[in-house]
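I have placed the structure first, in the form of structure tokens, so that the comments after it can refer back to it.
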Amino acid sequence: MIRRQATTPAEPRKDALVAAAYQILATRGFEGLRTREVAAAVGVNIATLHYHFPHKEDLIRGVVAYAMGRFRGTLGGAGSAEDQLRAHFRGLRRLSRDEPELFTVMAELAIRGVRDASLRKIVGGTDDAWRAMLRTLLRRAKDEGAVAQDLDPDGMAAVIVATLKGTFMLPASQPENVERTFRQLESLVGLRARASTLAGPHPARVRARTRARRSAGS
């Protein structure tokens, strides 16, 4: 079920319309999304819907904003860049398990965007923001010595986004494929090397400490 976010008193109807559109997209796809049905699901007339969302595209933007808000909730927070990357992957795992409809909606929008230029622009903007956040975290993790020094933050961010977008289009009945994908990405980035303290320090961090000791001794 959709998890409602906190709203101001003036916004509940607008948010309810977004929630209704989100649920229709999750269950019936883009082709099944009708603004009159969205309005009826909330108990308002079509004029009220158009007051909040003059065009169907505006309603779709509201749905995308909600969905990306759920994704962004897995980014940020305290700790090192490495900790935040781990938290991001954990959060996405949790979302794929607890809110599979979120990935159904985003997959539906991505597929439709191939044929719809305006929708492609909306979805593409969210992808750009996601890549930028990952790129920043990967650069910081590299500076901290948490990942290999030859890692390309720009390229890796693109790989993560493209891989996970493709994975999220898999049927929810195949969670083992989702988990396998996450493990491979973590291994590729270098995160799984430190999943257990028994595995010892990350090689990149060892190299960074060695260089620091040599510099101090010179």
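Just so it is clear, the structure is predicted and the values come from calculations on it, not from any experiment. Side chains included, hydrogens not; waters and symmetry mates left out as well; all remaining heavy atoms used.
- With hydrogens and angles disregarded, no donor-acceptor distance shorter than 3.5 Å links the side chain of Arg135 to the backbone of Pro153.
- Atoms OG1 and CZ, from Thr74 and Arg94 in turn, are 8.0 Å apart once rounded to the nearest 0.5 Å.
- Checking side-chain atoms of Thr181 against main-chain N and O of Asn177 turns up a donor-acceptor pair under 3.5 Å.
- At distances below 3.5 Å, at least one donor-acceptor pair connects side-chain atoms of Arg86 with backbone N or O atoms of Leu191.
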For this session: Verify side-chain contact (heavy atoms from CB on, under 4.5 Å) between Glu31 and Arg112, making sure each step is shown before the conclusion.
Result: CA-CA 9 Å; Glu31 300 300 332; Arg112 177 75 180 198; 2.2 Å; yes
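- Side-chain N or O atoms of Glu82 include none that pairs as donor or acceptor with a backbone N or O of Ala141 at under 3.5 Å.
- To the nearest 0.5 Å, the span separating OG1 on Thr35 from CG on Leu59 amounts to 8.0 Å.
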For this session: Carefully, step by step, assess Arg183 and Glu179 under the rule salt bridge (charged side-chain N to carboxylate O under 4.0 Å, His left out).
Result: CA-CA 6 Å; Arg183 288 181 179 177; Glu179 178 60 24; 3.0 Å; yes
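- A salt bridge does not link Asp143 to Arg140: none of the charged nitrogens lies less than 4.0 Å from a carboxylate oxygen.
- Distance check, rounded to the nearest 0.5 Å: CG of Leu151 to CE of Met156 gives 4.5 Å.
- For the pair Val63 and Ala21, the tightest heavy-atom approach, listed with the atom from each and the gap, is CG2-CB, 3.8 Å.
- Atoms CG and NZ, on Asp127 and Lys165 in that order, are 4.0 Å from each other to the nearest 0.5 Å.
- Atom NE2 in His52 sits 9.5 Å away from atom CG in Asp15 (nearest 0.5 Å).
- Considering all non-hydrogen atoms of both residues, Leu17 and Phe53 come closest at CB-CE1, 3.9 Å.
- For the pair Lys56 (side chain) and Leu33 (backbone), a donor-acceptor distance under 3.5 Å is present.
- When all heavy atoms are compared, the tightest approach of Val42 to Ala20 is CG2-CB, 3.9 Å.
- A donor-acceptor pair under 3.5 Å links the side-chain atoms of Lys142 to the main chain of Gln149, judged by distance alone.
- In plain terms, the two heavy atoms of Pro54 and Asp58 that are nearest each other are CD-OD2, 3.4 Å.
- Exactly one of Leu134, Val147, Leu137 qualifies for a side chain to side chain contact (heavy atoms under 4.5 Å, CB included) with Val189. That residue is Val147.
- The minimum heavy-atom distance linking Phe89 with Glu186 is given by the pair CB-OE2, 3.7 Å.
- We find the CE-CG distance between Met133 and Leu85 to be 12.0 Å, quoted to the nearest 0.5 Å.
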Problem set entry | Steps toward side-chain contact (heavy atoms from CB on, under 4.5 Å) verdict (Phe182, Leu164) | CA-CA 8 Å; Phe182 275 114; Leu164 290 180; 3.8 Å; yes
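- Counting all heavy atoms, side chain and backbone alike, Asp116 lies closest to Leu119 at OD1-N, 3.1 Å.
- Side-chain atoms of Met106 and Arg70, non-hydrogen and from C-beta on, never get closer than 4.5 Å to each other.
- Under 4.0 Å is where a charged nitrogen must lie from a carboxylate oxygen, and between Asp154 and Arg131 no such pair does.
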